[in-house]
Amino acid sequence: MSKTYSDLIFDTESTRNIDEANSRINIGWITSRFDVAEHLDRKVVEFSSKLGAEQYNFIVYPVGGIIRGFWDPRRFPEAPPNIDLPDLQLANHLWETYVCAGISEWIDCDSENPDFAKFSEQELIKELNYACYLGLRTVVLNLTRKSSPNLAKIIKKWLWTKNVLFTIWVSLPTNLPKNEDLWSVWADFRKDCANFNGVRLQAILNITADLQDEFLELKLVERWKAEPVGAICVHSDVFTTGKDGQAVLPQLYQKLLQNLWMFDSMRLLLKQINDGTKYRQNLRREYATSLRFTVRNVTWMRQKMAKETDGFLATSNLDYHDVLQAPLQPLSDNLDSGVYNTFEQDPVKYQRYRDAVQLAFMDIAKDKESVVVYLLGAGRGPIGTMILEAEKRYNSECRDKNNKLKIKFYVVEKNPNAIVTLRFMNENAWRKRAILVESDMRSLPSLAKENNYEQPDLIVSELLGSFGDNELSPECLDGVTDFLKPTTISIPQKYTSYAAPIMSLNMHQTIKSAIPSFWGKGLVGHGRNEPELEEDDENEGEYVQKYPQGMAISRLDQIYVVYLRQFCALAENKPVFTFEHPNFAKTSNDREIVLDFDIDRAADIMGFAGYFDMILYKNVMLSIEPKTFSNGMISWFPAVIPLRKLYRVAEGDRIKFVISRKSDADGVWYEWNLEIHRKNGEIFKSPLQNQNGESYYMRK
Ligand SMILES: C[S@@+](CC[C@H](N)C(=O)[O-])C[C@H]1O[C@@H](n2cnc3c(N)ncnc32)[C@H](O)[C@@H]1O
């Protein structure tokens, strides 16, 4: 049986460099009422140094001082102690590094007692201001209610209107019924904060002895991968005593923690639930040791596994994860040498092309001395090399010395720059076997007539984007149909796009905030319009790309290419559009489909992930669809088709992804929207996106 991820994490091999691995994990101690000691508010240095010696990197400390922090609100309307945590005891940079501001736990801006709610608001503002005064980088807020609209209102205003440096960590309630969905509590809170930047507003998940139901179901846990989780707080009563008498995390908790551990930049927190540490000197250190042991190899292991699938991507210094890329348009733009070079690093794609071509020769070259092969859209020629290798392999496996197949080889490319490389390849690598045709393949029927080119037995092309047809392969290949024989075979024979609904706060925010700088305002957009020259006085003759639908909308009405990491797929993929070649019947390439997905958990849909697979020939295929993914292939990352907003769905809802592929004389575009069919029969329809190709238009 193959090893599970968790088994691998604890392999001796993976626990090399323990000190280095441990040092990447930052653990904070939450000061609790069990730490209360005389004059502690004047002894933050001693307190944090002691914890430092016990392997904690920072503390969460009541920002108003410990006496105020643990004041009993039942004494209201008596006032709590004033803020009394003198700044002078610690150098400024040490406050920043070692201390997070704990907001007093008694503060309750959503209290049923309106006087106390009002009073809480005033005291909260004082504490936030004091956290700013101390220059602290993190503020910890505790949610104690299912819904905290007043608190959210105050925090929203702070985040959106004040130029402060701290990140707010929102610790999720631990006092709700076990079946309450904590994700929804968090998602409501961040929505009430108008989904402020996930770098500045993050959740703290509490791992308690009495685990919430949602942490026991993988599909519910997965949603946290789509959210900004700043820290995971483990409660001390979760630990048990191990064989050697030390505190350890039980296996179930270890697995949960490992599963939630996305990055080593996340933080762990330890919250004391009882006064055990009073009686066992080493207990605090044991907690920290056990937590580090649990997560220290997770990222390392993930990277190691990624190296096996990502090949050169994993070894490159660039982190491609969650980075937005505009899909290439190799038809309307001429690619540069670096882009071709990146394609050519793929260890899988070209070999599959070679295998497919060889397989096709078995069918079309029987008893023939020669077959005519056209490579359509050759780039710098890597598939050309594979075609010649397929010929060689076919000859060595299927022919004898005196009866070799010799293909007639045409290589078509419209990029005049790539033609320079192709000429070089032809002379130096292909022994002048190729006839180079510098042309758009759609002119081939007329060019062939003029130049007496032979009709192809086989056409080979690779004109696919992350969403299959989005680099206009159907339009390009249809352009050569009139020149084909009725028996001509196309590699690929068929390709299909796929889509699945996803959640990802990070992706939504990244797309929304990808606004061009002043100097980028004239860059060609991806929509129908070209940049315009502003000739009025005010604009000094600058170029501007205008968006009739508005810049904000235009960002969200485009398709992107993204190596997705911080996301959660909400359903299995479904096929979207299929194209088959040759298209002798000249069937229209316009398409329309409605895909139904049943929703099995509460979630915020940000859009759809897009994938494709292609049948090169018979059983030789390439795929980026996760279930059939061609291992090791790096040529395509998934597509992301965003929605304009995050849309909340509930378990039992059915959603419909309505998407059409449209075209006119100059180009092709997709239009899409979402329908939510609620369990109670209500139907919601989101606005139609990218109408008329205004934001995302693929020029023919
Ligand atoms: C995705 S790249 C693939 C390049 C190469 N075959 C490879 O696999 O590395 C597509 C290539 O097709 C070319 N191309 C796209 N549309 C074309 C057209 N209509 N006629 C000729 N070449 C085209 C592009 O310039 C580009 O070089």
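Every value quoted in this text rests on a predicted model; they were computed, and no experiment measured them.
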Can a donor-acceptor pair be found, under 3.5 Å and without considering hydrogens, that links the side chain of N150 to the backbone of C109?
yes
Residues passing the side-chain hydrogen bond (donor to acceptor under 3.5 Å, both in side chains) test with N92, sequence neighbours excluded, are none
Applying salt bridge (charged side-chain N to carboxylate O under 4.0 Å, His left out), name anything that partners D192, two or more places apart in sequence or on another chain.
none
What I want to find out is whether E46 reaches K50 closely enough, with some N-O distance under 4.0 Å, to be called a salt bridge.
no
First locate atom NZ of K178, then atom CG of L211, and finally report the distance between them rounded to the nearest 0.5 Å.
7.0 Å
For residues F70 and T31, report the shortest heavy-atom separation together with the two atoms involved.
CZ-O, 3.6 Å
Flag yes if more than 12 heavy atoms outside K512 fall under 6.0 Å of its NZ atom; otherwise flag no.
no
Inspect the surroundings of NZ in K656 and state if more than 12 heavy atoms from other residues, nucleotides or ligands are less than 6.0 Å away.
yes
How about N179: does its CG atom have over 12 heavy atoms from other parts shown lying under 6.0 Å from it?
yes
Taking the six-membered ring for Trp, are W71 and W106 parallel (under 30°), tilted (30 to 60°) or perpendicular (over 60°)?
perpendicular
Cut-off 3.5 Å, side chains only: do D264 and T299 have a donor facing an acceptor?
yes
Apply side chain to side chain contact (heavy atoms under 4.5 Å, CB included) to the pair L218 and N259, showing each step before the final yes or no.
CA-CA 9 Å; L218 189 63; N259 195 16; 3.1 Å; yes
T167 side-chain N/O to V199 backbone N/O, donor-acceptor pair under 3.5 Å:
yes
Donor-acceptor pair, side chain of N206 and main chain of H235, under 3.5 angstrom
no
Any non-hydrogen side-chain atom of E227 less than 4.5 Å from a side-chain atom of R190?
yes
In this structure, CD1 of I103 is separated from CD1 of I155 (nearest 0.5 Å) by 7.5 Å
Backbone N or O of V164 within a donor-acceptor pair of the R200 side chain at under 3.5 Å?
yes
Give a yes or no on whether the backbone of R565 and the side-chain of D322 come within a donor-acceptor separation of less than 3.5 Å.
yes
Going by heavy atoms in the side chains, are Y253 and T294 under 4.5 Å from each other?
no
Check against side chain to side chain contact (heavy atoms under 4.5 Å, CB included), V99 and L134:
CA-CA 10 Å; V99 185; L134 291 178; over 6 Å; no
Heavy-atom neighbours of F684 CZ exceed 12 at 6.0 Å:
yes
Under a plain distance cut-off of 3.5 Å, with no hydrogens placed, do T289 and Q246 share a side-chain donor-acceptor pair?
no
Quick one: closest heavy-atom pair of Y61 and I66, and the distance?
OH-CB, 3.9 Å
Heavy-atom neighbours of K126 NZ exceed 12 at 6.0 Å:
yes
Mind checking the CG-CZ spacing from D19 to R296? Nearest 0.5 Å is all I need.
9.0 Å
Kindly check if the number of other-residue, nucleotide or ligand heavy atoms within 6.0 Å of CD (Q281) is above 12?
no
Ring centers of F597, F657 separated by less than 6.0 Å
no
Check this for me: K191, atom NZ, are more than 12 non-hydrogen atoms of other residues, nucleotides or ligands nearer than 6.0 Å?
no
Classify the angle between the aromatic ring planes of F239 and Y287 as parallel (below 30°), tilted (30 to 60°) or perpendicular (above 60°).
tilted
Using every non-hydrogen atom in the two residues, find where G652 and K679 come nearest and quote the distance to one decimal.
O-CG, 3.5 Å
Does K278 have any side chain to side chain contact (heavy atoms under 4.5 Å, CB included) partners at least two apart in sequence or in another chain, and if so, which?
D275
Could you measure the distance from the CD1 atom of I107 to the CD1 atom of I125? Nearest 0.5 Å is fine.
9.5 Å
Kindly give the heavy-atom pair with the smallest separation between A194 and W160, and that separation in Å.
O-CZ2, 3.4 Å
Verdict with supporting geometry, E121 and K153, salt bridge (charged side-chain N to carboxylate O under 4.0 Å, His left out)
CA-CA 10 Å; E121 178 172 343; K153 203 164 120 191; over 6 Å; no
Less than 4.5 Å apart, side chain to side chain, heavy atoms only: is that true for I273 and K271?
yes
Can you measure from CD1 (I599) to CG (D653) and round to the nearest 0.5 angstrom?
7.0 Å
Salt bridge (charged side-chain N to carboxylate O under 4.0 Å, His left out) partners for E682, two or more places apart
none
Rounded distance [0.5 Å steps], CG in D604 versus NE2 in H508:
9.0 Å
Salt bridge (Lys or Arg N to Asp or Glu O under 4.0 Å) contacts in which one or both residues fall within residues 237-248, not counting sequence neighbours:
none
C100 and L136: which non-hydrogen atoms are nearest, and at how many Å?
C-CD1, 4.3 Å
What I want to find out is whether R68 reaches D84 closely enough, with some N-O distance under 4.0 Å, to be called a salt bridge.
no
State, to 0.1 Å, how close P228 and G198 come at their nearest heavy-atom pair, and which atoms those are.
CB-O, 3.4 Å
For P177, is there any backbone N or O sitting under 3.5 Å from a side-chain donor or acceptor partner on Q212?
yes
Out of R285, R284, R280, which residue meets the salt bridge (Lys or Arg N to Asp or Glu O under 4.0 Å) rule with E54?
R284
Does the side chain of R137 reach to within under 4.5 Å of the side chain of T97, using non-hydrogen atoms?
no
Could you check whether any side-chain N or O of W261 sits under 3.5 Å from a backbone N or O of M266, counting only pairs where one atom can act as donor and the other as acceptor?
no
Using a 4.5 Å cut-off on heavy atoms from C-beta on, say whether the side chain of L128 contacts that of F166.
yes
Using modelled atom types and a 3.5 Å cut-off, is there a donor and acceptor pairing between side-chain atoms of R601 and backbone atoms of K219?
yes
Between S504 and M507 (side chain of the first, backbone of the second, donor and acceptor by atom type, cut-off under 3.5 Å), is there such a pair?
yes
Can you check whether W29 reaches F47 side chain to side chain, under 4.5 Å on heavy atoms?
yes
Are N129 and W158 side-chain neighbours, meaning at least one heavy-atom pair lies under 4.5 Å?
yes
Can you tell whether the side chains of R648 and D188 come within less than 4.0 Å, N to carboxylate O?
yes
Determine whether more than 12 heavy atoms belonging to other residues, nucleotides or ligands lie under 6.0 Å from atom CD of E38.
no
Is any NZ, NE, NH1 or NH2 atom of the basic residue among E78 and R75 found under 4.0 Å from an Asp or Glu carboxylate oxygen of the other?
yes
So Q272 and I30, do their side chains get closer than 4.5 Å, heavy atoms only?
no
Do E214 and W224 have side-chain N/O donor and acceptor atoms under 3.5 Å apart?
yes
Between the main-chain N or O of N195 and the side-chain N or O of Q509, is there a donor-acceptor pair closer than 3.5 Å?
yes
Restricting to side chain to side chain contact (heavy atoms under 4.5 Å, CB included), what partner residues turn up for D598, sequence neighbours left out?
R654
